[in-house]
Amino acid sequence: MNLPKIPLGIWVDSLVDWITVTFAGLFSLFTNVVDGLLNVIVEILSVGPPIVLIIVLALLVTYTSRWRLGLFTLISLLLVDNLGYWESTIQTLAIVLVAGFFTILIGIPVGIWCAQSKTVQKIVTPILDLMQTMPAFVYLIPSILFFGIGVVPGIVASFIFAIAPTIRMTNLGIQEVPKELIEASDAFGSTNRQKLFKVQLPLATPTILAGVNQSIMLALSMVVTASLVGAPGLGADVYRAVSQINVGQGFEAGLSIVFIAIILDRITQHIRKPAYEHIISRKIVLSILAVLVVIGGIILAIPKDTSVNQNSNEIGAQTDYKIIGIEPGAGLMKLTKTAIEDYGLDDWQLIEGSSAAMVAELKKAYKNKEPIIITGWSPHWMFSSFDLKYLEDPNGSFGGAEDINTLVRKDLKKDAPGAYQILDQFFWETADMENVMVDITNGMDPAEAAEKWIEDNPKKVAKWTKGAQRGNGESINLVYVAWDTEIASTNVIGKVLEQNGYDVTLSQVEVGPMFAGVANSSADAMVAAWLPSTHLEYYNTYKDNLIDLGPNLQGTKNGLVVPEYMDIDSIEDLQAKEK
Ligand code: PBE
């Protein structure tokens, strides 16, 4: 059909832009409230040594679900602590609790409303279907724009993904209340309110709780996704493990998530009819829990010895001591961690997320002239779109200028000699790469931008393809990470290979898998190895199983980057100063 494409994406874009600007105040208020709530929960949960919370949880599970599960809770949580995932576990618990809290707060009333009005139900049901089936990743995108990166967009996305069962089951539970009972209560002249609170809700409770239980499990299943935009916790540990191909760490963190799931599931499933209710009543247990929370709160409220906090840093206070990072497996993240150590920036926190989320955060801060510190690299289009500067690095933690190398699998030369030769001869300048990047940022499709650059630079391309045998439709798989630099280079070289008779696929992966893929020959080549320092560790791990074709670009740079309007020049300016 020859109809023009309906600009649905563009409409959604402008809608989201409009919402971002119009409700900016509301969003930042919400972000602060949720962040604050989360911090309080994290602090209360970690007020004592881990063993205290472990015992409390074990006792609670024992109470609701018998001693066997209590014992299981005790052992599994001790194991989690032993493996070193306790802090992450608390973060994850807090995230799930907050998401669960909002689910109940909003889900139950909406469910009740649905049960009372057919019209509402007709409107809400398709929305719920949409919310549940739309891939959760999709919510993350506007969430970053609305709430910035960190834990809040993660919670929001989890909430949207998880709320449906609570609404549906509340609705169902109320509708399932036998008609005779409703008629009876009507006959006794009860008001709608009385009917709801005295008859419908009590009878619907088991169903509603089953919904809440499902919602909480769904929220937990979102923790890995949420970590893509910077939510901390076990999800971030799993994501980091994937990104670095760390099988052991992935298993440990994954196992910890399973334990949390079992514990939360059993508590929420049996909370209405605890196993040992005949021994201690629910009221007493709830009161004890409340007392514990209050005690935790009191301990927290006792002013801490402030002498340690005398050192402070102005920029730190303005940016919440956050450095906005990218994919956890990126070499730049490792360099930044080294820098944090080298410069003694103990108060600072490096936020993990993705390059795209980092740029979104930068755009937002830049628009409002707010201070922000990011992990940056060149070449990058952001330097032409914003006035930015690298912070000086007198200790040299970020290393100097580097090259980007092309790595190919071992037998490529034999299997596709032409492709091998083109990849070997591929070399361009920073300015070339930047031209492609700018077009992509301005909305051009990467493949199109690559094609355009190739058309504009026939001489350069001719040098790469010189003397190379044409392909015969052999397939070539190029792997890359979604860094702006590599999106540009991979698309260009991919197009050139295609024009020379190869059937090219581009696969976007995480950092570790990119190296591993070439090394185990499941991919043919990558043009994204930053050497000698950024990717040194990956390179050393895999270098025996791949072939290094040398640089395709020279003179890159890594470092901490801030907007020009910020009044600092050096990483040393982030150090704590005595007041
Ligand atoms: N980068 C861009 C990558 C390499 C390419 C600097 C973000 C990294 O840090 O691994």
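Order of listing sets the numbers, starting from 1, for every ligand and every atom in it.
- Relative to the ring axis of Y366, K364 does not place its NZ or CZ within 45° and under 6.0 Å from the centre.
- By the criterion of a heavy-atom distance under 4.0 Å, the side chain of T534, and not its backbone, is placed next to ligand 1.
- The atoms of ligand 1 that sit less than 4.0 Å from any heavy atom of G331 are 8 (C), 9 (O), 10 (O).
- Classification of the F147-F27 ring pair by plane angle, with boundaries at 30° and 60°, yields perpendicular.
- Only the side chain of I326 comes within 4.0 Å of ligand 1, judged by heavy-atom distances.
- Considering backbone and side-chain N/O of W483, none are found under 3.5 Å from N/O of ligand 1.
- Ligand 1 lies out of reach of M333, whose nearest heavy atom is not under 4.0 Å from it.
- Side-chain contact between S570 and D573: present, with at least one pair of heavy atoms (C-beta onward) separated by less than 4.5 Å.
- Atom 6 (C) of ligand 1 has N558 OD1, 3.4 Å as its closest protein atom, hydrogens excluded (heavy atom only).
- Remark: E498 engages K495 in a salt bridge, criterion side-chain N to carboxylate O under 4.0 Å.
- A salt bridge between D424 and K413 is absent, with no side-chain N of the basic residue lying under 4.0 Å from a carboxylate O of the acidic one.
- Not one N or O of V511 is nearer than 3.5 Å to an N or O of ligand 1, by distance alone.
- Remark: minimum distance from atom 9 (O) of ligand 1 to any protein heavy atom is reached at L332 N, 2.7 Å.
- Considering every non-hydrogen atom in both E327 and S355, the closest pair reads OE1-OG, 2.9 Å.
- Under 4.0 Å from ligand 1, not a single heavy atom of E327 appears.
- Checked against S397 for a side-chain hydrogen bond (donor to acceptor under 3.5 Å, both in side chains), the options N558, T338, T336, D342 give a single hit: D342.
- When hydrogens are left out, the protein atom nearest atom 1 (N) of ligand 1 is W377 CD2, 4.0 Å; that is the closest non-hydrogen contact.
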